[in-house]
Every structure is written in C-alpha cells, then in structure tokens.
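Presented below is the structure to which this report refers.
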Amino acid sequence: MAWKTGLRWHVIAGAGAALVATAAALSLALIAAAGIHTNGHLLGEQLVPAAAGTNNLMDKYYAEQAWVRGYVNSGRSGESTAPLAAVQQQAAAAQAEVRSLVGDYPGLVAALDRTIAAHQAWLVKVAQPQLAEMGRGDVKAARARENNAALSRPYLIATRTAGAALQSGITHQQQIVTARLTDAQNLLLGALIGMSALVVIMVAAGVSAAWFSLLRPFQALRAATEAIAGGDYSVRIPAVGPNELRALARSTELMRMRLVTTLDEREQAEFRFRQLFDTAPDA
C-alpha cells in the first residue's frame, strides 16, 4: 500500500518503536526498583541486625564465662548466682532474636544451632560442675576444674569458633545481598539513563523528521507556487517529501500544466484572431 511509505506510516512506526523502547526501559526500571527494595530490606532489616545480634549473643556467652571464672576464683561459695541467671536470660533472648532474623537462611540457622550447642556443652561440662562444687563449698575442687585448661579450653574454643563461623556466614550473606543490591542500583541507573537517551533521541528524530519530511518540502512547494503566482509558469512543482506531499505536488503540477496549456491555446487563438483582423479588407 502506498501509504506505508508515507508520513502516516512513519508516524505509526516511530510511535510504535518509541512505545516499545519506553515500555522496555520502564520495565527494567521497575524490576530494578523491586530488586533494590527487596535486597535493601534483607540487608537493613535482617542481615545487619543479625550481625549485631550475633555480636551481642557472643558477648553474653563471654559474660557467662567471665562470671563463672570470677565466681570460682573469688572463693565466695555462698554468693548468689542471680547475676549469672540474668545473663543467661539475656543470652536466651539474643538467641531467639538472631534465630528470627536468620530464619530465611538455613545455613545460618544451622550455624546458630552449632554455636548454641557449643555453649551448652560448655555449660554442662565446665560451668555446672564448677558451680555444683562451689555450692557444696569445695572451692579447691572448683578452682582445680577452672584451672584445668585441658578440660575447659576445648569447649571455650568450640564456642568461639562456632560463633565466628556464624558471624562469617552472616557477613558472606551480606556480601551476596549487597552485590545484588548494587546490580539492581546499576540496572536502575542504566534504565534511567536509557530513558533519558530515548527522550533525547525521540526529540531529535521528531525535529529531524519535521524538518526533512515536512518543512523543507513545504518550503520548496511554497517557493514554486509563489513563482507561478508571480507569473512564471515555467517553474515546475517539485514532487518531494512523503507520499502525501508528493501526491499534492503532482496534483498541483497537473494544474500548472493544464493552466499553461490553456494559456497557450488562448494566446494562439488570439494570434489567429489578430491575423484575421489585420488581413480583413473591411474594418
């Protein structure tokens, strides 16, 4: 169809291409925004608090160990163990908090369980026997257990190692989520830059199309029609621009040719009449 090479087809094709490109850029921007929101939530609402919660948990474990050590070394067997119970309650609350924060990550949950199990082993194998001996007033036996590094050190190391592994796992997961967050931010930035570039291209294409497809052909057509209106019937109407303007130019050119033909015929008729008039014997 002829109109498919004309201005109408160009407008439809350009608008369709711009719409598709805009929809693609907008889709990428929405995907990137969703990724930023999701990963930002994971990082700010789960992993960062989980790291802080793990540090707090380990501090509570170390506080329990320090209290038992100080209690045994003080020799005051009748002293209340209420401070230890308070710290243990705080440690239990910290454990629950960390578990709620890392619940979506099975590997971190397993690391937390290993940390809790290591601390519980220290309580059962090291702390409780010492507390029992202090409760019986056998300070010497309690101190002997406390100073027996071969007995207590493996449990202390196991607790510290398990806690470090948990912290390392959280840090690793933070790095993964941070990388995804960075990728989403870069995608959003690229989509915004692409949309900006698309707007510039659309404006430039629109201005270029208006100039080369409409304004210049109209100027050429106007110049030709003004010349003809001024009496210069030899000027041809240029068939330039899109098919719509070409069709208009051809129609106008046909009118010019018919006008020129009519004027020629009129001039020839007038010339013949003058010849007859001049050669007539009577005025």
Taking side chain as C-beta onward, heavy atoms only, is [X] less than 4.5 Å from [Y]?
{"X": "Glu64", "Y": "His119", "result": "yes"}
{"X": "Gln173", "Y": "Val177", "result": "yes"}
{"X": "Leu123", "Y": "Gln120", "result": "yes"}
{"X": "Thr115", "Y": "Gln95", "result": "no"}
{"X": "Val102", "Y": "Gln46", "result": "no"}
{"X": "Met58", "Y": "Thr159", "result": "yes"}
{"X": "Arg160", "Y": "Tyr61", "result": "no"}
{"X": "Ile157", "Y": "Trp122", "result": "no"}

request  = Check the pair Leu84 / Leu131 against side chain to side chain contact (heavy atoms under 4.5 Å, CB included), numbers first and verdict last.
outcome  = CA-CA 11 Å; Leu84 176 62; Leu131 294 175; 3.6 Å; yes
message = Using the rule given for side chain to side chain contact (heavy atoms under 4.5 Å, CB included), can you reason through Ile176 versus His172, listing the C-alpha separation, both sets of side-chain angles and the distance that settles it, and then say yes or no?
response = CA-CA 6 Å; Ile176 294 175; His172 178 67; 3.4 Å; yes
Between [X] and [Y], what is the shortest heavy-atom contact and its length?
{"X": "Ala111", "Y": "Leu166", "result": "CB-CD1, 3.8 Å"}
{"X": "Ser80", "Y": "Trp67", "result": "O-CZ2, 3.5 Å"}
{"X": "Ala32", "Y": "Ala184", "result": "CB-O, 3.3 Å"}
{"X": "Ala51", "Y": "Gln174", "result": "CB-NE2, 3.9 Å"}
{"X": "Leu43", "Y": "Pro49", "result": "O-CD, 4.0 Å"}

Joint hydrophobic cluster, [X] plus [Y], side-chain heavy atoms closer than 4.5 Å:
{"X": "Leu181", "Y": "Val48", "answer": "yes"}
{"X": "Leu192", "Y": "Ile36", "answer": "yes"}
{"X": "Met195", "Y": "Leu188", "answer": "no"}
{"X": "Tyr155", "Y": "Leu57", "answer": "no"}

Can you check whether [Y]'s main-chain N or O pairs, donor with acceptor, with [X]'s side chain at less than 3.5 Å?
{"X": "Glu133", "Y": "Asp138", "result": "no"}
{"X": "Asn73", "Y": "Arg69", "result": "yes"}
{"X": "Thr38", "Y": "Gly35", "result": "no"}
{"X": "Ser152", "Y": "Val126", "result": "no"}
{"X": "Asn56", "Y": "Ala52", "result": "no"}
{"X": "Ser168", "Y": "Ala164", "result": "no"}

Let me confirm one number: the [atom1]-[atom2] distance from [X] to [Y], rounded to the nearest 0.5 Å.
{"X": "Arg99", "Y": "Leu112", "atom1": "CZ", "atom2": "CG", "answer": "5.0 Å"}
{"X": "Met255", "Y": "Thr262", "atom1": "CE", "atom2": "OG1", "answer": "11.0 Å"}
{"X": "Arg114", "Y": "Ile116", "atom1": "CZ", "atom2": "CD1", "answer": "11.5 Å"}
{"X": "Asp104", "Y": "Leu47", "atom1": "CG", "atom2": "CG", "answer": "9.5 Å"}
{"X": "Lys60", "Y": "Asn55", "atom1": "NZ", "atom2": "CG", "answer": "12.0 Å"}
{"X": "Thr54", "Y": "Leu101", "atom1": "OG1", "atom2": "CG", "answer": "8.5 Å"}

request  = Run the numbers on Ile170 and Tyr105 for side chain to side chain contact (heavy atoms under 4.5 Å, CB included), then give the verdict.
outcome  = CA-CA 9 Å; Ile170 294 175; Tyr105 304 94; over 6 Å; no
Residues that Arg180 engages under side-chain hydrogen bond (donor to acceptor under 3.5 Å, both in side chains), provided they are two or more places apart =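 Here the qualifying residues are Asn39.
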